[in-house]
Amino acid sequence: MITDILEMGEQTKLRGQVVVVGSGIAGAEVATHLARHDRQVVLLESGRDRFDPSIQTLNDVIFLGKRHRELNPNSYYHQYLPPELRGVSRVRQFGGTSNVWTGKWKYLQPSDFDGRPWVANSGWPISFSDLLEHYRSAAKDYGFGDLEAEAVRPEIMELRGKLAAKGLKMSSFYWEQTPTRTAIRFGDEMRRSQNLHVILGATATELTLDASCQRVSAVVCRSLEGREIIVEGETIILAMGAFETARILLSSDRQLPGGIGNQHDLVGRFYTDHPKHHTGILKPGNLTREYARELQYAPKPRFCICFALDDATQQEHELLEHVLYLKPIYEKPIERLWRTLRGRPVCRDGNGAIAAYRVKFVTEQAPQKASCLKLGTECDALGQRKLEVDWCFTDQDRRSMAKTLELLTHRFAEVGLGTFDFGDKPPSLENMTDAAHQMGTTRMASRPEEGVVDTDCRVFGTENLYVASSAVFPTGPSYSPTFTILALARRLGQHLLQTTSLTTPLPKGEWILASLGESSRYT
């Protein structure tokens, strides 16, 4: 069922076996999975069915370093969205940031999990094989195309071989026709479920601990209208983005100075994103003309390709992994005329003749402690301390990006993909934007001295608090983290079913409430 916090009365206590905070892709996935397996789940969402600008302002942060893109109705980004969401990278609404997502699904590659000696703090404590079954099951259940089958399609293998001969590699992603919106995909199921109670308008403001300070006993939620509820649970899952996950851990500092999971001052540290540049042009070459149909972006759904320097080159030059995407720009009549008059060969895909390709250059960021989030002194409308975001970069980031561009420019021309034109604004960290891929603020590690969550995504120092979010990514070499977020959420759901000992279930379809000291039941 789905209710609003305003329907629940003041000072209400609610109890479920599992409490999930956040209704985006990770939160909706793990909550519905557990509810289908007879767990009583409470799902808390700060936003409501409709976008509310006053609730959205709770996302406001203070930038100390490089700024992120912000709301701009005339933004280049998300032109298909309503003006109030264009340029927004974190959304407080039922469905979370899936409400503005573009629908690109991409595996991390096996090598993305490996530590690289030339990249400090790199590598995951789990491997690609630990997520493969979850990638596969999600692709089947969500109706994605088979990325593994696509990788061995003859045309793709042939192109990959030609690129490899010149020190380049490629990988594929699946682009949905209609991006997954969790409020749409799961909304009806959530309304019908007898095991899942979704509460909208409920902003999680604090996690309270038991006497041992090793178990989270409840989540305190408040609304802008002044309502408050306390939601108790045996297992707590934070399925918010990297910003809000770090914020609530740091804010829950009444019982543990410094906040929960922060015994080694690592909550909010190692913040990374994927800085990107999207105004370059590629003039197509012979190989691009030969494989133009493989580079189409429409019609969707379809598989698309991205390019990078191969692993040997990255190791030789001690580079990060930077990825390049090509989007066709189709000829206008005057361009077709000039091409014909000059006798130039046509580059054509299934949609028409191509004048050029828009180049999107996306960079990996080296993880470093100095790139971080911390609580400031300014407060939001709920009286919560706002985050101060110091998104900063290293000399390695700058050297790696410059060398990668140099090598890509040379190798693209050599293999016949074409020549770049970045005009008077070549990519630099100063003119690049964020990609709305916030990662790393509660990074996964084998030991608490190196991270905030363990390999099961449980917060170190706690017995029952988990994170389902890109906040746990130690590194994010490949662009588009959403598929890995979903795979991690699936893996966590299975882990909890197999290992968590829950108390006797509540009566089916009933939720125990205590309102103003009186016991009642809410169905």
Side-chain angles (χ1 to χ4, degrees), residues 25 76-81 97-109 112 132 135-163 168-182 184-185 274 276 278 280-282 284-285 287-308 323-331 346-362 412 417-418 435-437 478-487:
I25 284 176
Y76 165 83
Y77 298 102
H78 301 151
Q79 286 294 309
Y80 60 94
L81 293 172
T97 304
S98 77
N99 287 295
V100 297
W101 188 53
T102 55
K104 301 184 186 80
W105 297 93
K106 188 178 186 298
Y107 286 11
L108 286 184
Q109 303 303 298
D112 292 338
L132 181 56
Y135 281 134
R136 287 171 171 168
S137 67
K140 180 179 178 181
D141 293 346
Y142 281 65
F144 306 152
D146 187 338
L147 281 164
E148 293 172 79
E150 172 68 6
V152 296
R153 187 162 57 86
E155 294 84 354
I156 293 297
M157 293 183 69
E158 183 179 72
L159 176 57
R160 184 182 296 111
K162 293 180 179 181
L163 295 173
L168 298 169
K169 67 179 182 179
M170 54 173 274
S171 56
S172 298
F173 60 95
Y174 181 76
W175 202 339
E176 292 180 286
Q177 180 176 13
T178 302
T180 294
R181 305 281 187 248
T182 61
I184 296 173
R185 177 177 178 83
H274 287 131
K276 65 180 181 180
H278 49 77
I281 296 293
L282 178 83
L287 191 66
T288 307
R289 285 188 281 271
E290 182 181 354
Y291 289 94
R293 288 182 179 269
E294 305 301 332
L295 300 176
Q296 282 182 217
Y297 264 31
K300 302 181 188 75
R302 68 180 306 106
F303 294 102
C304 299
I305 294 170
C306 56
F307 303 88
V323 183
L324 192 146
Y325 294 75
L326 302 177
K327 179 181 180 180
I329 303 172
Y330 294 98
E331 283 185 344
V346 65
C347 180
R348 184 182 298 278
D349 65 16
N351 296 315
I354 298 164
Y357 286 85
R358 179 76 64 191
V359 175
K360 182 167 68 174
F361 181 60
V362 183
F412 261 56
L417 283 171
H437 296 167
S478 288
Y479 186 67
S480 189
T482 312
F483 209 157
T484 302
I485 294 170
L486 177 58

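Taking every heavy atom of both residues into account, Pro284 and Arg289 meet most closely at O-NH1, 3.3 Å. The shortest heavy-atom contact between Leu287 and Lys162 is CD1-CD, 3.8 Å. Closest approach of Phe412 to Leu326, counting heavy atoms only: CE2-CD1, 4.3 Å.
Exactly one of Phe307, Phe361, Phe173 qualifies for a ring-ring contact (aromatic ring centres under 6.0 Å, His included) with Tyr325. That residue is Phe173.
Pro328 meets the side chain to side chain contact (heavy atoms under 4.5 Å, CB included) test with Tyr297, Tyr330, Asp349, Ile354, Tyr357; sequence neighbours excluded. With sequence neighbours left out, Trp101 forms a side chain to side chain donor-acceptor pair (under 3.5 Å) with Thr482. Judged as a side chain to side chain donor-acceptor pair (under 3.5 Å), and not counting sequence neighbours, the contacts of Asp112 are Ser478. Listed by chain and residue number, nothing satisfies the salt bridge (Lys or Arg N to Asp or Glu O under 4.0 Å) test with Lys300 (two or more places apart in sequence, or in another chain). Applying the salt bridge (Lys or Arg N to Asp or Glu O under 4.0 Å) test to Asp146 and every residue at least two apart in sequence or in another chain returns nothing. With sequence neighbours excluded, the residues satisfying side chain to side chain donor-acceptor pair (under 3.5 Å) with Ser171 are Lys106. Lys169 is linked by a side chain to side chain donor-acceptor pair (under 3.5 Å) to Asp311, Glu321, counting only residues two or more places apart in sequence or in another chain. Evaluation of the side chain to side chain contact (heavy atoms under 4.5 Å, CB included) rule for Ile184 yields Arg181 as partners, not counting sequence neighbours. With sequence neighbours excluded, the residues that form a side chain to side chain contact (heavy atoms under 4.5 Å, CB included) with Pro299 are Gln296, Arg302, Asn351. Under the rule for a side chain to side chain contact (heavy atoms under 4.5 Å, CB included), the partners of Ala435 that lie at least two apart in sequence or sit in another chain are Asp273, His274, Lys276, His437, Tyr479.
Note that CD1 of Ile156 and CD1 of Ile305 are 4.0 Å apart. Values are rounded to the nearest 0.5 Å. If you take CG on Leu417 and OG1 on Thr288, they are separated by 4.5 Å, rounding to the nearest 0.5 Å. Taking CZ from Arg358 and CG from Leu282, the interatomic distance works out to 12.0 Å, rounded to the nearest 0.5 Å. Atom SG in Cys347 sits 8.0 Å away from atom CG in Leu295 (nearest 0.5 Å). A distance of 9.0 Å separates OG1 in Thr97 from CD1 in Ile25, rounded to the nearest 0.5 Å. From Arg348, atom CZ reaches atom CZ of Arg293 across 9.0 Å, with rounding to the nearest 0.5 Å.
Contact check for Pro301 versus Glu176: no side-chain heavy atoms found under the 4.5 Å cut-off.
Side-chain polar atoms of Tyr135 and Thr484 form a donor-acceptor pair below 3.5 angstrom.
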Walk me through it: do Ser172 and Leu147 pass the test side chain to side chain contact (heavy atoms under 4.5 Å, CB included)?
CA-CA 7 Å; Ser172 298; Leu147 281 164; 4.2 Å; yes
Using the side chain to side chain contact (heavy atoms under 4.5 Å, CB included) rule, take His278 and Lys327 through it: C-alpha gap first, then chi angles, then the decisive distance, then the call.
CA-CA 10 Å; His278 49 77; Lys327 179 181 180 180; over 6 Å; no
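Within the structure, side-chain hydrogen bond (donor to acceptor under 3.5 Å, both in side chains) contacts touching residues 150-159 (residues at least two apart or in different chains) are Glu150-Arg153, Arg153-Glu155, Arg153-Glu294, Glu158-Tyr291.
The aromatic ring centres of Trp105 and Phe483 sit less than 6.0 Å apart.
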